[in-house]
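The next block holds one structure in the form of C-alpha coordinates; read it before the comments.
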Protein chains: 2
Amino acid sequence: MARTKEKKRRDRAEEIREAADQLFCEKGYDGVSMRDIAERAQVNKGLLFYYYKSKADLFELVLARYYEAHREALASAFAAEGTLRERIHRMIEAYMSFMADNQRYARLVQQQVAELETHELIQRNLAPLFEWTISALSGVTDANGPLAARHFWITFSGLVINYFTYAPLIDKLWSGDPLAAEQIAERRAHVHWMVDAILEKLSPAE
Amino acid sequence: MARTKEKKRRDRAEEIREAADQLFCEKGYDGVSMRDIAERAQVNKGLLFYYYKSKADLFELVLARYYEAHREALASAFAAEGTLRERIHRMIEAYMSFMADNQRYARLVQQQVAELETHELIQRNLAPLFEWTISALSGVTDANGPLAARHFWITFSGLVINYFTYAPLIDKLWSGDPLAAEQIAERRAHVHWMVDAILEKLSPAE
DNA sequence: GCATTTTTTGACCGAAAGGTCAAACTTTTT
DNA sequence: AAAAAGTTTGACCTTTCGGTCAAAAAATGC
(Lines give C-alpha, C1' and ligand atoms only; values in the text may rest on other atoms or scores of the structure.)
Protein backbone atom coordinates (compact mmCIF):
# COMPACT_ATOMS: atom_id res chain seq x y z
CA MET A 1 0.00 0.00 0.00
CA ALA A 2 1.40 3.27 -1.11
CA ARG A 3 1.24 6.31 1.07
CA THR A 4 -2.16 7.85 0.46
CA LYS A 5 -1.61 10.79 2.75
CA GLU A 6 1.21 13.18 2.12
CA LYS A 7 2.32 13.64 5.66
CA LYS A 8 3.57 17.14 5.39
CA ARG A 9 5.82 18.32 8.16
CA ARG A 10 4.83 21.69 9.44
CA ASP A 11 7.05 24.39 8.07
CA ARG A 12 7.56 26.44 11.20
CA ALA A 13 9.45 29.28 9.54
CA GLU A 14 6.62 29.75 7.07
CA GLU A 15 3.93 29.60 9.75
CA ILE A 16 5.75 32.25 11.72
CA ARG A 17 6.12 34.47 8.68
CA GLU A 18 2.43 34.18 7.88
CA ALA A 19 1.41 34.97 11.46
CA ALA A 20 3.72 37.96 11.47
CA ASP A 21 2.32 39.11 8.15
CA GLN A 22 -1.24 39.02 9.45
CA LEU A 23 -0.48 40.72 12.72
CA PHE A 24 1.75 43.49 11.36
CA CYS A 25 -0.99 44.40 8.91
CA GLU A 26 -3.65 44.35 11.60
CA LYS A 27 -1.90 46.25 14.33
CA GLY A 28 1.28 47.74 12.91
CA TYR A 29 4.85 47.11 13.92
CA ASP A 30 4.69 48.60 17.40
CA GLY A 31 1.27 47.15 18.08
CA VAL A 32 2.51 43.58 17.83
CA SER A 33 4.82 41.71 20.19
CA MET A 34 6.89 38.67 19.42
CA ARG A 35 4.76 36.85 21.96
CA ASP A 36 1.66 37.72 19.93
CA ILE A 37 3.23 36.31 16.80
CA ALA A 38 4.35 33.15 18.56
CA GLU A 39 0.87 32.65 19.93
CA ARG A 40 -0.83 33.05 16.56
CA ALA A 41 1.69 30.73 14.92
CA GLN A 42 1.17 28.27 17.80
CA VAL A 43 4.85 28.08 18.38
CA ASN A 44 7.25 28.77 21.21
CA LYS A 45 8.50 32.32 21.34
CA GLY A 46 12.12 31.26 21.36
CA LEU A 47 11.63 29.67 17.97
CA LEU A 48 11.00 33.04 16.37
CA PHE A 49 14.57 33.97 17.19
CA TYR A 50 15.82 30.65 15.90
CA TYR A 51 14.47 31.41 12.42
CA TYR A 52 14.66 35.20 12.41
CA LYS A 53 17.31 37.16 14.13
CA SER A 54 15.11 39.98 15.40
CA LYS A 55 11.67 41.53 15.24
CA ALA A 56 12.90 44.19 12.83
CA ASP A 57 14.35 41.46 10.67
CA LEU A 58 11.07 39.58 10.52
CA PHE A 59 9.21 42.76 9.65
CA GLU A 60 11.58 43.58 6.84
CA LEU A 61 11.16 40.11 5.42
CA VAL A 62 7.38 40.45 5.38
CA LEU A 63 7.71 43.85 3.77
CA ALA A 64 10.26 42.75 1.18
CA ARG A 65 8.02 39.94 -0.01
CA TYR A 66 5.20 42.36 -0.68
CA TYR A 67 7.40 44.84 -2.46
CA GLU A 68 8.79 42.16 -4.66
CA ALA A 69 5.34 40.87 -5.51
CA HIS A 70 4.25 44.41 -6.25
CA ARG A 71 7.15 45.03 -8.57
CA GLU A 72 6.58 41.74 -10.37
CA ALA A 73 2.86 42.39 -10.74
CA LEU A 74 3.55 45.70 -12.40
CA ALA A 75 6.47 44.57 -14.48
CA SER A 76 4.36 43.22 -17.32
CA ALA A 77 2.37 46.41 -17.50
CA PHE A 78 5.62 48.24 -18.14
CA ALA A 79 5.78 46.72 -21.61
CA ALA A 80 5.96 49.63 -24.01
CA GLU A 81 3.28 48.50 -26.42
CA GLY A 82 0.23 50.38 -27.60
CA THR A 83 -0.71 54.01 -27.26
CA LEU A 84 0.02 56.05 -24.15
CA ARG A 85 -3.63 55.78 -23.21
CA GLU A 86 -3.59 52.01 -23.48
CA ARG A 87 -0.40 51.72 -21.51
CA ILE A 88 -1.65 53.85 -18.67
CA HIS A 89 -4.92 51.99 -18.46
CA ARG A 90 -3.01 48.73 -18.40
CA MET A 91 -0.86 50.04 -15.55
CA ILE A 92 -3.88 51.11 -13.56
CA GLU A 93 -5.48 47.77 -14.16
CA ALA A 94 -2.44 45.89 -12.88
CA TYR A 95 -2.11 48.19 -9.89
CA MET A 96 -5.77 47.82 -8.90
CA SER A 97 -5.63 44.05 -9.31
CA PHE A 98 -2.58 43.75 -7.13
CA MET A 99 -4.15 45.87 -4.43
CA ALA A 100 -7.36 43.88 -4.57
CA ASP A 101 -5.41 40.64 -4.24
CA ASN A 102 -3.12 41.93 -1.49
CA GLN A 103 -5.33 44.11 0.61
CA ARG A 104 -3.00 43.83 3.56
CA TYR A 105 -0.27 45.48 1.55
CA ALA A 106 -1.94 48.86 1.42
CA ARG A 107 -2.06 49.04 5.19
CA LEU A 108 1.53 47.96 5.50
CA VAL A 109 2.78 50.58 3.05
CA GLN A 110 0.77 53.24 4.76
CA GLN A 111 2.28 52.45 8.10
CA GLN A 112 5.69 52.36 6.53
CA VAL A 113 5.23 55.74 4.89
CA ALA A 114 3.93 57.13 8.15
CA GLU A 115 7.28 56.43 9.77
CA LEU A 116 9.46 59.45 9.26
CA GLU A 117 12.61 57.40 8.86
CA THR A 118 11.30 56.29 5.50
CA HIS A 119 12.98 53.03 4.82
CA GLU A 120 15.22 52.82 1.83
CA LEU A 121 13.31 49.64 0.96
CA ILE A 122 10.17 51.51 0.00
CA GLN A 123 12.23 54.06 -1.86
CA ARG A 124 14.06 51.48 -3.89
CA ASN A 125 10.78 49.86 -4.88
CA LEU A 126 8.85 52.98 -5.72
CA ALA A 127 11.59 54.67 -7.69
CA PRO A 128 11.25 52.45 -10.79
CA LEU A 129 7.49 52.98 -10.86
CA PHE A 130 8.10 56.69 -10.60
CA GLU A 131 10.63 56.72 -13.42
CA TRP A 132 8.33 54.78 -15.70
CA THR A 133 5.41 57.13 -15.22
CA ILE A 134 7.58 60.14 -15.80
CA SER A 135 9.00 58.85 -19.05
CA ALA A 136 5.67 57.52 -20.26
CA LEU A 137 3.97 60.85 -19.70
CA SER A 138 6.83 63.00 -20.89
CA GLY A 139 5.39 63.44 -24.38
CA VAL A 140 2.12 64.86 -23.18
CA THR A 141 2.84 66.75 -19.97
CA ASP A 142 4.88 69.81 -19.18
CA ALA A 143 8.42 69.47 -17.92
CA ASN A 144 7.73 71.64 -14.92
CA GLY A 145 4.90 73.39 -13.13
CA PRO A 146 1.45 72.13 -12.12
CA LEU A 147 1.17 69.87 -15.16
CA ALA A 148 4.53 68.20 -14.70
CA ALA A 149 4.55 64.42 -14.92
CA ARG A 150 5.55 64.11 -11.29
CA HIS A 151 2.24 65.59 -10.17
CA PHE A 152 0.32 63.11 -12.26
CA TRP A 153 2.33 60.33 -10.73
CA ILE A 154 1.12 61.28 -7.27
CA THR A 155 -2.37 61.79 -8.58
CA PHE A 156 -2.57 58.44 -10.36
CA SER A 157 -1.08 56.36 -7.60
CA GLY A 158 -3.21 58.20 -5.06
CA LEU A 159 -6.34 57.36 -7.02
CA VAL A 160 -5.57 53.68 -6.67
CA ILE A 161 -3.92 53.29 -3.31
CA ASN A 162 -6.06 55.78 -1.40
CA TYR A 163 -9.15 53.72 -1.87
CA PHE A 164 -7.54 50.82 -0.10
CA THR A 165 -5.80 52.69 2.67
CA TYR A 166 -8.94 54.60 3.50
CA ALA A 167 -11.18 51.56 3.19
CA PRO A 168 -11.70 51.11 6.95
CA LEU A 169 -12.87 54.68 7.11
CA ILE A 170 -15.00 54.49 3.98
CA ASP A 171 -16.61 51.44 5.46
CA LYS A 172 -18.10 53.59 8.17
CA LEU A 173 -19.27 56.36 5.85
CA TRP A 174 -20.73 54.31 3.00
CA SER A 175 -23.16 51.51 3.25
CA GLY A 176 -21.60 48.24 2.26
CA ASP A 177 -18.08 46.88 2.41
CA PRO A 178 -15.75 48.91 0.16
CA LEU A 179 -13.46 45.89 -0.18
CA ALA A 180 -16.16 43.66 -1.62
CA ALA A 181 -15.52 42.55 -5.20
CA GLU A 182 -18.28 44.66 -6.79
CA GLN A 183 -17.21 47.77 -4.91
CA ILE A 184 -13.62 47.37 -5.99
CA ALA A 185 -14.77 46.85 -9.60
CA GLU A 186 -16.69 50.10 -9.31
CA ARG A 187 -13.64 51.95 -8.06
CA ARG A 188 -11.65 50.45 -10.88
CA ALA A 189 -14.10 51.90 -13.38
CA HIS A 190 -13.93 55.25 -11.62
CA VAL A 191 -10.17 55.39 -11.90
CA HIS A 192 -10.27 54.51 -15.59
CA TRP A 193 -12.79 57.28 -16.11
CA MET A 194 -10.46 59.67 -14.29
CA VAL A 195 -7.54 58.68 -16.48
CA ASP A 196 -9.58 59.46 -19.57
CA ALA A 197 -10.68 62.80 -18.18
CA ILE A 198 -7.07 63.76 -17.53
CA LEU A 199 -5.73 62.58 -20.89
CA GLU A 200 -8.54 64.29 -22.76
CA LYS A 201 -7.78 67.59 -21.13
CA LEU A 202 -4.05 67.18 -21.57
CA SER A 203 -4.28 66.60 -25.32
CA PRO A 204 -7.79 67.28 -26.60
CA ALA A 205 -6.76 66.64 -30.21
CA GLU A 206 -6.10 62.93 -29.79
CA MET B 1 9.27 102.35 37.62
CA ALA B 2 6.69 100.23 35.95
CA ARG B 3 7.32 96.63 35.14
CA THR B 4 9.15 96.65 31.83
CA LYS B 5 9.42 92.90 31.57
CA GLU B 6 6.31 90.81 31.46
CA LYS B 7 7.46 88.04 33.68
CA LYS B 8 5.42 85.27 32.17
CA ARG B 9 5.07 82.18 34.22
CA ARG B 10 5.65 79.10 32.21
CA ASP B 11 2.44 77.37 31.30
CA ARG B 12 3.48 73.82 31.93
CA ALA B 13 0.29 72.22 30.62
CA GLU B 14 0.72 74.04 27.34
CA GLU B 15 4.39 73.18 27.05
CA ILE B 16 3.59 69.54 27.60
CA ARG B 17 0.83 69.61 24.99
CA GLU B 18 3.14 71.20 22.43
CA ALA B 19 5.90 68.68 23.08
CA ALA B 20 3.41 65.85 22.76
CA ASP B 21 2.07 67.34 19.54
CA GLN B 22 5.52 67.46 18.00
CA LEU B 23 6.53 64.01 19.08
CA PHE B 24 3.33 62.21 18.18
CA CYS B 25 3.56 63.66 14.68
CA GLU B 26 7.20 62.70 14.38
CA LYS B 27 7.10 59.17 15.70
CA GLY B 28 3.50 58.15 16.11
CA TYR B 29 1.64 57.16 19.25
CA ASP B 30 3.53 53.97 19.98
CA GLY B 31 6.85 55.46 19.01
CA VAL B 32 6.73 58.03 21.78
CA SER B 33 7.01 57.45 25.52
CA MET B 34 5.82 59.73 28.27
CA ARG B 35 9.47 60.06 29.23
CA ASP B 36 10.24 61.40 25.76
CA ILE B 37 7.52 63.98 26.06
CA ALA B 38 8.63 65.06 29.53
CA GLU B 39 12.17 65.42 28.29
CA ARG B 40 11.23 67.58 25.32
CA ALA B 41 8.97 69.72 27.48
CA GLN B 42 11.81 69.98 30.01
CA VAL B 43 9.52 68.87 32.77
CA ASN B 44 9.34 66.05 35.26
CA LYS B 45 7.55 62.98 33.98
CA GLY B 46 5.20 62.91 36.95
CA LEU B 47 3.88 66.28 35.92
CA LEU B 48 2.42 64.88 32.72
CA PHE B 49 0.06 62.83 34.84
CA TYR B 50 -0.76 65.82 37.00
CA TYR B 51 -2.14 67.68 33.99
CA TYR B 52 -3.32 64.78 31.82
CA LYS B 53 -4.73 61.62 33.16
CA SER B 54 -3.08 59.24 30.71
CA LYS B 55 -1.06 58.99 27.53
CA ALA B 56 -4.18 58.14 25.54
CA ASP B 57 -5.86 61.18 27.01
CA LEU B 58 -3.03 63.47 25.98
CA PHE B 59 -3.05 62.02 22.47
CA GLU B 60 -6.76 62.54 22.09
CA LEU B 61 -6.41 66.14 23.16
CA VAL B 62 -3.75 66.80 20.56
CA LEU B 63 -5.88 65.11 17.95
CA ALA B 64 -9.08 66.89 18.93
CA ARG B 65 -7.43 70.28 18.59
CA TYR B 66 -6.42 69.53 15.03
CA TYR B 67 -9.79 68.17 14.05
CA GLU B 68 -11.50 71.21 15.44
CA ALA B 69 -9.13 73.54 13.59
CA HIS B 70 -9.73 71.55 10.43
CA ARG B 71 -13.47 71.80 10.75
CA GLU B 72 -13.30 75.51 11.43
CA ALA B 73 -10.97 76.13 8.52
CA LEU B 74 -13.36 74.43 6.16
CA ALA B 75 -16.54 75.84 7.62
CA SER B 76 -16.44 79.07 5.62
CA ALA B 77 -15.90 77.18 2.40
CA PHE B 78 -19.17 75.39 3.01
CA ALA B 79 -21.09 78.57 2.24
CA ALA B 80 -23.49 77.73 -0.57
CA GLU B 81 -22.72 80.70 -2.79
CA GLY B 82 -21.64 80.72 -6.40
CA THR B 83 -21.65 77.97 -8.98
CA LEU B 84 -20.75 74.39 -8.19
CA ARG B 85 -17.41 74.94 -9.84
CA GLU B 86 -16.66 77.96 -7.67
CA ARG B 87 -17.73 76.20 -4.53
CA ILE B 88 -15.56 73.19 -5.16
CA HIS B 89 -12.54 75.30 -5.98
CA ARG B 90 -13.11 77.28 -2.80
CA MET B 91 -13.24 74.06 -0.80
CA ILE B 92 -10.02 72.77 -2.35
CA GLU B 93 -8.38 76.10 -1.65
CA ALA B 94 -9.35 76.01 2.01
CA TYR B 95 -8.30 72.40 2.35
CA MET B 96 -4.90 72.99 0.78
CA SER B 97 -4.29 76.07 2.90
CA PHE B 98 -5.11 74.24 6.07
CA MET B 99 -2.79 71.40 5.17
CA ALA B 100 0.00 73.80 4.27
CA ASP B 101 -0.43 75.58 7.61
CA ASN B 102 -0.71 72.38 9.64
CA GLN B 103 1.68 70.01 8.00
CA ARG B 104 1.89 67.87 11.08
CA TYR B 105 -1.81 67.15 10.82
CA ALA B 106 -1.53 65.05 7.67
CA ARG B 107 0.87 62.68 9.36
CA LEU B 108 -1.30 62.45 12.43
CA VAL B 109 -4.42 61.63 10.44
CA GLN B 110 -2.57 59.06 8.44
CA GLN B 111 -1.37 57.29 11.53
CA GLN B 112 -4.86 57.46 12.94
CA VAL B 113 -6.40 55.98 9.81
CA ALA B 114 -3.75 53.29 9.79
CA GLU B 115 -5.01 52.03 13.13
CA LEU B 116 -7.69 49.48 12.45
CA GLU B 117 -9.74 50.54 15.44
CA THR B 118 -10.56 53.74 13.60
CA HIS B 119 -11.41 56.18 16.25
CA GLU B 120 -14.91 57.57 16.30
CA LEU B 121 -13.24 60.98 16.55
CA ILE B 122 -11.99 60.91 13.00
CA GLN B 123 -15.31 59.55 11.82
CA ARG B 124 -17.27 62.27 13.48
CA ASN B 125 -15.08 64.92 11.90
CA LEU B 126 -14.96 63.52 8.41
CA ALA B 127 -18.64 62.71 8.14
CA PRO B 128 -19.78 66.36 7.68
CA LEU B 129 -17.18 66.91 4.98
CA PHE B 130 -18.39 63.78 3.26
CA GLU B 131 -22.04 64.82 3.43
CA TRP B 132 -21.30 68.24 2.02
CA THR B 133 -19.43 66.89 -0.99
CA ILE B 134 -22.14 64.38 -1.73
CA SER B 135 -24.89 66.96 -1.69
CA ALA B 136 -22.85 69.53 -3.59
CA LEU B 137 -22.11 67.08 -6.37
CA SER B 138 -25.51 65.44 -6.44
CA GLY B 139 -26.73 67.54 -9.36
CA VAL B 140 -23.94 66.56 -11.66
CA THR B 141 -22.92 63.02 -10.72
CA ASP B 142 -24.71 59.70 -10.87
CA ALA B 143 -26.43 58.33 -7.80
CA ASN B 144 -24.57 55.06 -8.04
CA GLY B 145 -21.80 53.36 -9.96
CA PRO B 146 -18.31 54.58 -10.87
CA LEU B 147 -19.44 58.18 -11.21
CA ALA B 148 -21.23 58.33 -7.87
CA ALA B 149 -20.43 61.35 -5.72
CA ARG B 150 -18.81 59.16 -3.09
CA HIS B 151 -16.04 58.19 -5.49
CA PHE B 152 -15.33 61.79 -6.25
CA TRP B 153 -15.14 62.51 -2.56
CA ILE B 154 -12.32 60.02 -2.15
CA THR B 155 -10.68 61.30 -5.30
CA PHE B 156 -10.83 64.96 -4.31
CA SER B 157 -9.69 64.52 -0.75
CA GLY B 158 -6.97 62.15 -1.91
CA LEU B 159 -5.68 64.75 -4.35
CA VAL B 160 -5.11 67.14 -1.49
CA ILE B 161 -4.12 65.00 1.46
CA ASN B 162 -1.97 62.50 -0.41
CA TYR B 163 0.53 65.12 -1.36
CA PHE B 164 1.19 65.88 2.27
CA THR B 165 1.16 62.36 3.64
CA TYR B 166 3.53 61.20 0.95
CA ALA B 167 5.74 64.26 1.20
CA PRO B 168 8.60 62.49 3.02
CA LEU B 169 8.69 59.97 0.22
CA ILE B 170 8.32 62.51 -2.57
CA ASP B 171 11.20 64.35 -1.02
CA LYS B 172 13.47 61.44 -1.89
CA LEU B 173 12.17 61.00 -5.44
CA TRP B 174 11.98 64.62 -6.52
CA SER B 175 14.63 67.20 -6.27
CA GLY B 176 13.68 69.92 -3.85
CA ASP B 177 11.53 70.00 -0.75
CA PRO B 178 7.87 69.23 -1.62
CA LEU B 179 6.73 71.15 1.44
CA ALA B 180 8.39 74.40 0.37
CA ALA B 181 5.96 77.21 -0.36
CA GLU B 182 6.47 77.24 -4.13
CA GLN B 183 6.08 73.50 -4.40
CA ILE B 184 2.85 73.55 -2.44
CA ALA B 185 1.56 76.36 -4.66
CA GLU B 186 2.34 74.21 -7.65
CA ARG B 187 0.42 71.29 -6.22
CA ARG B 188 -2.45 73.62 -5.48
CA ALA B 189 -2.58 74.63 -9.15
CA HIS B 190 -2.42 70.98 -10.16
CA VAL B 191 -5.40 70.09 -8.02
CA HIS B 192 -7.43 73.00 -9.42
CA TRP B 193 -6.59 71.82 -12.91
CA MET B 194 -7.77 68.34 -11.95
CA VAL B 195 -11.06 69.67 -10.63
CA ASP B 196 -11.67 71.43 -13.92
CA ALA B 197 -10.83 68.31 -15.91
CA ILE B 198 -13.33 66.32 -13.90
CA LEU B 199 -16.12 68.87 -14.05
CA GLU B 200 -15.65 69.38 -17.77
CA LYS B 201 -16.00 65.71 -18.46
CA LEU B 202 -18.93 65.37 -16.08
CA SER B 203 -20.95 68.09 -17.77
CA PRO B 204 -19.35 69.18 -21.04
CA ALA B 205 -22.23 71.55 -21.85
CA GLU B 206 -21.57 73.98 -19.02
C1' DG C 1 4.33 85.83 59.22
C1' DC C 2 1.84 81.81 59.00
C1' DA C 3 -1.28 78.43 57.05
C1' DT C 4 -3.18 76.54 53.08
C1' DT C 5 -3.43 75.26 48.50
C1' DT C 6 -1.32 74.35 44.13
C1' DT C 7 2.89 72.66 41.52
C1' DT C 8 6.78 69.98 40.96
C1' DT C 9 9.85 66.40 41.97
C1' DG C 10 12.26 61.81 42.31
C1' DA C 11 11.89 57.43 43.85
C1' DC C 12 9.23 53.54 42.99
C1' DC C 13 5.83 49.79 41.02
C1' DG C 14 4.16 45.83 38.22
C1' DA C 15 3.65 44.53 33.54
C1' DA C 16 5.32 43.64 29.24
C1' DA C 17 8.73 44.23 25.89
C1' DG C 18 12.83 42.04 22.93
C1' DG C 19 16.16 38.78 23.35
C1' DT C 20 19.27 34.72 25.24
C1' DC C 21 20.39 30.09 26.41
C1' DA C 22 21.08 25.53 28.09
C1' DA C 23 18.65 21.59 28.09
C1' DA C 24 15.23 18.39 25.93
C1' DC C 25 13.41 16.47 22.03
C1' DT C 26 13.47 14.88 16.79
C1' DT C 27 15.34 13.78 12.80
C1' DT C 28 19.01 12.34 9.89
C1' DT C 29 23.40 10.12 9.03
C1' DT C 30 26.46 6.32 9.49
C1' DA D 1 21.90 1.27 17.48
C1' DA D 2 24.62 5.00 18.29
C1' DA D 3 26.19 9.53 17.09
C1' DA D 4 25.51 13.83 15.06
C1' DA D 5 22.81 17.48 13.49
C1' DG D 6 18.82 20.11 13.49
C1' DT D 7 14.45 21.75 16.25
C1' DT D 8 11.79 23.13 19.99
C1' DT D 9 11.04 24.38 24.58
C1' DG D 10 10.63 27.01 29.04
C1' DA D 11 12.95 29.54 32.24
C1' DC D 12 15.30 33.71 32.64
C1' DC D 13 17.64 38.34 31.67
C1' DT D 14 17.62 43.41 31.08
C1' DT D 15 15.33 47.36 29.72
C1' DT D 16 11.56 50.26 29.17
C1' DC D 17 6.92 51.19 29.53
C1' DG D 18 2.64 53.77 31.69
C1' DG D 19 1.45 55.10 35.95
C1' DT D 20 1.51 56.18 41.30
C1' DC D 21 2.69 58.62 45.41
C1' DA D 22 4.54 60.88 49.35
C1' DA D 23 7.22 64.57 50.16
C1' DA D 24 9.43 68.99 48.78
C1' DA D 25 8.85 73.52 46.80
C1' DA D 26 6.34 77.47 45.28
C1' DA D 27 2.49 80.34 45.19
C1' DT D 28 -1.52 82.25 47.47
C1' DG D 29 -4.78 83.97 51.03
C1' DC D 30 -5.18 86.06 55.42
Side-chain angles (χ1 to χ4, degrees), chain A residues 3 5-64 108 111-112 114-117 119 121, chain B residues 3 5-64 108 111-112 114-117 119 121:
Chain A
R3 270 201 308 174
K5 287 184 193 174
E6 270 286 308
K7 191 133 183 192
K8 253 191 195 147
R9 268 198 76 216
R10 295 174 57 189
D11 181 351
R12 271 16 213 275
E14 170 58 24
E15 289 175 354
I16 291 169
R17 210 219 76 256
E18 170 61 19
D21 188 331
Q22 291 173 17
L23 284 168
F24 283 140
C25 291
E26 284 172 26
K27 326 210 186 213
Y29 184 79
D30 290 316
V32 173
S33 74
M34 292 300 259
R35 282 166 181 81
D36 294 336
I37 296 171
E39 193 178 343
R40 175 156 313 188
Q42 291 177 302
V43 135
N44 185 280
K45 180 172 72 77
L47 202 57
L48 306 208
F49 294 91
Y50 177 73
Y51 286 113
Y52 307 95
K53 76 171 203 277
S54 69
K55 184 186 179 184
D57 207 53
L58 181 51
F59 183 67
E60 278 202 33
L61 184 94
V62 168
L63 216 54
L108 219 48
Q111 287 166 14
Q112 183 77 353
E115 306 274 322
L116 209 42
E117 2 116 353
H119 233 262
L121 202 60
Chain B
R3 271 200 306 175
K5 289 185 192 176
E6 271 285 307
K7 192 139 186 189
K8 257 196 194 139
R9 264 199 79 216
R10 294 173 60 189
D11 182 350
R12 271 16 211 275
E14 170 59 23
E15 289 175 354
I16 292 169
R17 210 218 76 255
E18 171 61 20
D21 188 332
Q22 291 173 18
L23 284 167
F24 282 139
C25 291
E26 283 172 27
K27 324 209 185 217
Y29 184 80
D30 289 317
V32 172
S33 74
M34 292 300 260
R35 282 166 181 81
D36 294 336
I37 297 171
E39 194 177 343
R40 175 156 312 188
Q42 291 177 302
V43 136
N44 186 280
K45 180 172 73 76
L47 203 57
L48 306 208
F49 295 91
Y50 178 73
Y51 286 112
Y52 307 96
K53 77 170 202 277
S54 70
K55 184 185 180 186
D57 207 54
L58 180 52
F59 183 67
E60 278 203 32
L61 184 93
V62 168
L63 216 54
L108 218 49
Q111 287 166 13
Q112 183 77 354
E115 306 274 322
L116 210 43
E117 2 114 353
H119 233 262
L121 203 59

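Letters go in sequence order (proteins before strands), and every chain restarts at 1. Hydrogens, waters and symmetry mates play no part in the numbers below; they use all other heavy atoms, side chains included. Please read these numbers as outputs of a predicted model, since none were measured by experiment.
Distance, B:F49 CZ to C:dT7 C1': 17 Å, rounded to whole Å. One atom, CD1 of B:I37, and another, P of D:dT16, lie 17 Å apart when rounded to the nearest Å. Taking atom CZ of A:F24 as the reference point, atom C1' of C:dG18 lies 12 Å away to the nearest angstrom. Rounded to whole Å, the distance from NZ on A:K27 to C1' on C:dA17 is 16 Å. Atom-to-atom, CG of A:D11 to P of D:dT7 comes out at 10 Å; the value is rounded to the nearest Å. Spacing between atom CD of A:E39 and atom C1' of C:dA17 amounts to 15 Å, rounded to whole angstrom units.
Rounded to the nearest 0.5 angstrom, A:L63 CG and A:L58 CG are separated by 11.0 Å. For the atom pair CD1 (A:I37) and CZ (A:R17), the distance works out to 11.5 Å, reported to the nearest 0.5 Å. We find the OH-CD distance between A:Y51 and A:E14 to be 11.5 Å, quoted to the nearest 0.5 Å.
Residue pairs satisfying the salt bridge (Lys or Arg N to Asp or Glu O under 4.0 Å) criterion with at least one member in residues 43-61 of chain B, sequence neighbours excluded, are listed as follows: B:K53-B:D57.
Relative ring orientation between A:Y29 and A:F24 is described as parallel, the plane-to-plane angle staying below 30° on a 0-90° scale split at 30° and 60°.
Under the ring-ring contact (aromatic ring centres under 6.0 Å, His included) criterion, A:F49 pairs with no residue, sequence neighbours left out. A search for side chain to side chain donor-acceptor pair (under 3.5 Å) contacts involving A:R40 returns A:Q22, A:E26, not counting sequence neighbours. The salt bridge (charged side-chain N to carboxylate O under 4.0 Å, His left out) test applied to A:E18 returns A:R104, not counting sequence neighbours.
Remark: A:S33 is not in phosphate contact with C:dA16, judged by side-chain N or O atoms under 4.0 Å from OP1 or OP2.
DNA chain D is contacted by no residue of residues 52-59 of chain A, taking any non-hydrogen atom closer than 4.0 Å.
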Distances for protein N/O vs nucleotides 9-13 of chain D N/O pairs under 3.5 angstrom?
unit_1	atom_1	unit_2	atom_2	d
D:dT9	OP2	A:N44	N	3.1
D:dG10	N7	A:N44	OD1	3.2
D:dG10	N7	A:N44	ND2	3.2

